[in-house]
Number of protein chains: 2
Amino acid sequence: MSKELPEWEKAREEFVVQWGSLGTQWGIPRTMAQIHALLMTAPEPMCTDDVMERLEISRGNAHTNLKDLVGWNLVRIITKKGDRKEYFEAEKDVWKIFITISKERKRREIEPAIHLLRDCAARTKDEATGPGKDFHQQMQDLDEFLSFGVKVADTVISMKHASALQWAMRLLG
Amino acid sequence: MSKELPEWEKAREEFVVQWGSLGTQWGIPRTMAQIHALLMTAPEPMCTDDVMERLEISRGNAHTNLKDLVGWNLVRIITKKGDRKEYFEAEKDVWKIFITISKERKRREIEPAIHLLRDCAARTKDEATGPGKDFHQQMQDLDEFLSFGVKVADTVISMKHASALQWAMRLLG
DNA sequence: TCACGCTTTCATTAAAAACTGAAAGTAATG
DNA sequence: CATTACTTTCAGTTTTTAATGAAAGCGTGA
């Protein structure tokens, strides 16, 4: 067996494993979620071999998922002088993580949907009656809702944490 | 080949197929997303055989996904008197769909995460210095953020569409 | 009670996604 | 320019997830 870990490292272990399972429920590859959890709780940037060893995964897997996380802007590459290795460091600020994920999801998931809805609405804009008109209306309703959501998201995304908080408190209060 | 469809039905076909692919990106089974798209644009409630035929899928598949959608409260079962079949009807009101999905995601995805974070924070509450303390702090930050998000979501969920709109307009204005 | 019409389950198969490991690529260094 | 220290790719494999279709279940009414 491996050597005894300090108490916080045991909790971290648990966090990494469980965050991985939560990830899959959420449509995120297990390994990617685990690496993210690992890096979010890393005192220092980690290199590919650190991650491989810690999670007991292959080089290819570690590499691909690290780069995907970089692609999501959730992780950045750090280089140390006199060292050819790349080190990886996760964004730890919760508000920044939120902003980043919101932006990416908007781009990857919402915008293509809006595209589709507009296309379907355009193709049926001359439908004047009955089911054809209802279909057109449904496409438009969905489009309007998502587009409005994007506007709200853009506003929130451009806010500093403090002002967003203040604004949200007003909503709750 | 099948008979000629009216123009709006062709657009609907496109919508169903594409919504299915979008669904997979989102972590939702293709068939489930397709059925949802089909029902959201159905002039009348549909029975299992209607869905099977339209999407060319097996009975088991149609059945399971219809029931899953019912489980998500996105679809309800309609019975007609003098007819033993179950018919399925999707919620079409965009705001209601949004509320429903928010509630379910909160329950299935956010709350388990909060649980995990609290557990990990509790296990390290005595860490006074260094990495252990940082870990504890990170767990708490994540917890606080998600918990706050839940509070905001609960507030929005309890709003009527009109008041939510009004409130959002104030944010944007 | 049995036959019918529909719903549900589930063992099997198919498809998709994730992971491995080894080989190829790249660039800094002596 | 050759070695070294890494990074990147990818064909093949494993694992996971989704779909099939046939059989079992269930309730109604003849």
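Proteins get letters first, then strands, A, B, ... in listed order; numbering begins at 1 in each. Atom set for the values below is all heavy atoms of this structure, side chains included, hydrogens, waters and symmetry mates excluded.
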### Message
Looking at B:N61, I'd like to know whether one of its side-chain N or O atoms comes within less than 4.0 Å of OP1 or OP2 on D:dT20.
### Response
yes
### Message
Counting the atoms with a prime plus P, OP1 and OP2 as sugar-phosphate, which does B:T31 contact under 4.0 Å by heavy atoms, base, sugar-phosphate, or nothing?
### Response
sugar-phosphate
### Message
Under 4.0 Å, counting only non-hydrogen atoms across every strand here, what does A:D49 touch: a base, just sugar-phosphate, or nothing?
### Response
nothing
### Task
Using a heavy-atom cut-off of under 4.0 Å over every strand shown, decide if A:D68 touches base, sugar-phosphate, or nothing.
nothing
### Task
Would you kindly give the CG-to-C1' distance between A:L66 and D:dC6, to the nearest whole Å?
14 Å
### Task
Give a yes/no answer on whether the side chain of B:H63 brings an N or O atom under 4.0 Å of OP1 or OP2 in C:dT7.
no
### Message
Output the rounded distance in Å from CD (A:E86) to C1' (C:dA27).
### Response
12 Å
### Query
Would a distance-only check, ignoring hydrogens and angles, find a side-chain to backbone donor-acceptor pair under 3.5 Å from A:S147 to A:E144?
no
#### Entry: Integer-rounded Å distance: C:dA22 P and A:M52 CE
11 Å
### Task
Using whole Å, report how far NZ of A:K67 lies from P of C:dA18.
20 Å
### Query
Where each residue is assigned the nucleotide of DNA chain C containing its nearest heavy atom, which of B:F88 and A:G27 is assigned the position nearer the 5′ end?
B:F88
### Query
Which whole-number value in Å describes the distance from B:Q34 CD to D:dA18 P?
14 Å
### Task
Round to the nearest Å and state the distance from A:Y87 atom OH to D:dA5 atom C1'.
12 Å
### Query
Expressed in angstrom and rounded to an integer, what is the separation of A:N65 atom CG from D:dT8 atom C1'?
14 Å
### Atom-pair distance (CG on A:D50; P on D:dC6), nearest Å
11 Å
### Task
Compare the minimum distances between each of D:dA19, D:dT7, C:dC6 and the side chain of A:K85, then state the nucleotide with the smallest one.
D:dT7
#### Entry: Short side-chain donor-acceptor distance under 3.5 Å, A:E111 and A:H115
no
### Given DNA chain C, 5'-ward residue of the pair A:T64 and B:R84, judged by closest heavy atom
B:R84
### Query
What does B:R59 touch in the nucleic acid at a heavy-atom separation under 4.0 angstrom: a base, only the sugar-phosphate, or nothing?
base
### Message
Judged by each residue's nearest nucleotide on DNA chain D, which is more toward the 5′ side, B:M32 or A:R30?
### Response
A:R30
### Task
By nearest nucleotide on DNA chain D, pick out whichever of B:G60 and B:P29 is the more 5' one.
B:P29
### Query
Side chains of B:Q138 and B:D134: is there a donor and an acceptor less than 3.5 Å apart?
no
### Message
More than 12 heavy atoms of other residues, nucleotides or ligands under 6.0 Å from NZ of B:K133: yes or no?
### Response
no
### Task
Determine whether the aromatic ring centres of B:W19 and B:W26 lie less than 6.0 Å apart.
no
